[in-house]
Amino acid sequence: MYESFYEFIRQLLPDFKIDMTLVEPLLEFKKVNKGEFFLREGDVCEVLGLTMKGCLRTFFLKDGKEFTLFFHVEHQPLGDYESFCKQIPACFSCEAIEDSDVLIINHEAFEVFEVSPDGQKLLRLHAESLAFMLRDKLLSLFRDTPEQRYLKIINTEPELLRRIPQYYLASYLGIEPESLSRLKRRVKQQQFS
């Protein structure tokens with residue numbers, strides 16, 4: 001039941017040592033159906049999550065338009081870490097784009113991790129990985145063209161292309177859906193020439 005959670009921990013900290021019997025009773029699973037929100041922009045993030053099954057997306061609104069930041073597939077964390085820790089309003093929303101199962105980490109479980117040296121290290125590594133994801137996304141938006149970002153997804157996460165609607169992919173790439181159609185045709189032509 002918790003194997004995916006343990007796998008996530010082992011990826012970040014292979015020699016992790018904490019009494020999980022203290023944590024397991026505090027964890028819960030939540031079903032987030034397609035179209036439902038795990039978190040809404042402006043609300044305080046009361047829990048963090050780990051996608052066990054399915055796909056969710058993190059996005060924000062600007063002038064009534066959605067901008068997709070991330071997709072969270074299996075074994076990926078979600079939630080607004082700053083909102084969770086500081087109890088301030090979240091700056092983005094997280095919505096299921098597939099029926100999803102999420103492992104919930106509440107404040108009580110978080111505190112159990114905080115009192116253990118390995119738990120503190122795990123939380124720091126988790127925060128660092130989120131910071132690196134944000135850094136990579138920001139750099140890509142400034143350095144890469146939409147075509148380069150699209151090719152990166154093709155090469156690193158091809159299964160994601162089958163799972164997400166095209167208008168979310170366009171938002172993620174920072175282009176309009178019509179531009180995505182032209183981009184896909186151009187990439188396909190280049191592959192066959």
Backbone of [Y] reached by a side-chain donor or acceptor of [X] within 3.5 Å:
| X | Y | answer |
| --- | --- | --- |
| S83 | C45 | yes |
| T58 | C94 | no |
| D99 | V32 | no |

Working note: M133 + F70, criterion side chain to side chain contact (heavy atoms under 4.5 Å, CB included); need CA distance, chi angles, decisive distance, verdict. CA-CA 9 Å; M133 280 177 30; F70 298 107; 3.8 Å; yes

Taking the basic N atoms (NZ, or NE/NH1/NH2) and the acidic carboxylate oxygens, is any pair closer than 4.0 Å for [X] and [Y]?
| X | Y | value |
| --- | --- | --- |
| R163 | E98 | yes |
| D144 | K152 | yes |
| R182 | E178 | no |
| E176 | K65 | yes |

Rounded to the nearest 0.5 Å, how far apart are [atom1] of [X] and [atom2] of [Y]?
| X | Y | atom1 | atom2 | answer |
| --- | --- | --- | --- | --- |
| L27 | K30 | CG | NZ | 15.0 Å |
| F38 | S100 | CZ | OG | 10.5 Å |
| D101 | M52 | CG | CE | 8.5 Å |
| L160 | C55 | CG | SG | 6.0 Å |
| E46 | H107 | CD | NE2 | 5.0 Å |
| F59 | E95 | CZ | CD | 5.0 Å |

Name all residues meeting the side-chain contact (heavy atoms from CB on, under 4.5 Å) criterion together with [X]; count only those two or more places apart in sequence or in a different chain, and write none if there are none.
| X | result |
| --- | --- |
| T145 | E147, Q148 |
| L141 | K137, R149 |
| P165 | I97, Y167, Y168 |
| F60 | E41, K62, F67, L69, F92 |

May I have the step-by-step check of side chain to side chain contact (heavy atoms under 4.5 Å, CB included) for L161 and L169, ending in yes or no? CA-CA 8 Å; L161 296 175; L169 177 60; 3.7 Å; yes

Taking the six-membered ring for Trp, are the ring centroids of F110 and F84 within less than 6.0 Å of each other? yes

Joint cluster assignment, [X] & [Y], ILVMFWY side-chain distance < 4.5 Å:
| X | Y | value |
| --- | --- | --- |
| L134 | V73 | no |
| L50 | F37 | no |
| I154 | I175 | yes |

Within the 4.5 Å heavy-atom criterion, are [X] and [Y] side-chain neighbours or not?
| X | Y | result |
| --- | --- | --- |
| I88 | V44 | no |
| I164 | F71 | yes |
| I153 | Y172 | yes |

Compute whether any side-chain donor of one residue and acceptor of the other, for H75 and T51, lie under 3.5 angstrom apart. no

Taking all non-hydrogen atoms of both residues into account, name the closest pair between [X] and [Y] and its distance.
| X | Y | result |
| --- | --- | --- |
| V102 | G49 | CG1-CA, 3.7 Å |
| N33 | A96 | O-CB, 3.4 Å |
| N106 | L26 | ND2-O, 3.4 Å |

Decide side chain to side chain contact (heavy atoms under 4.5 Å, CB included) for V187 and L151; before the verdict, give the C-alpha distance in whole Å, the side-chain angles of both, and the deciding distance to 0.1 Å. CA-CA 8 Å; V187 166; L151 289 170; 3.8 Å; yes

Salt bridge (charged side-chain N to carboxylate O under 4.0 Å, His left out) partners for E111, two or more places apart: none

Who passes salt bridge (charged side-chain N to carboxylate O under 4.0 Å, His left out) against E66, sequence neighbours left out? R57

Atom [atom1] of [X]: over 12 foreign heavy atoms under 6.0 Å:
| X | atom1 | answer |
| --- | --- | --- |
| K31 | NZ | yes |
| E114 | CD | yes |
| R135 | CZ | yes |

Check the pair L78, L48 against side chain to side chain contact (heavy atoms under 4.5 Å, CB included), reporting the backbone distance first and the verdict last. CA-CA 6 Å; L78 54 135; L48 298 175; over 6 Å; no

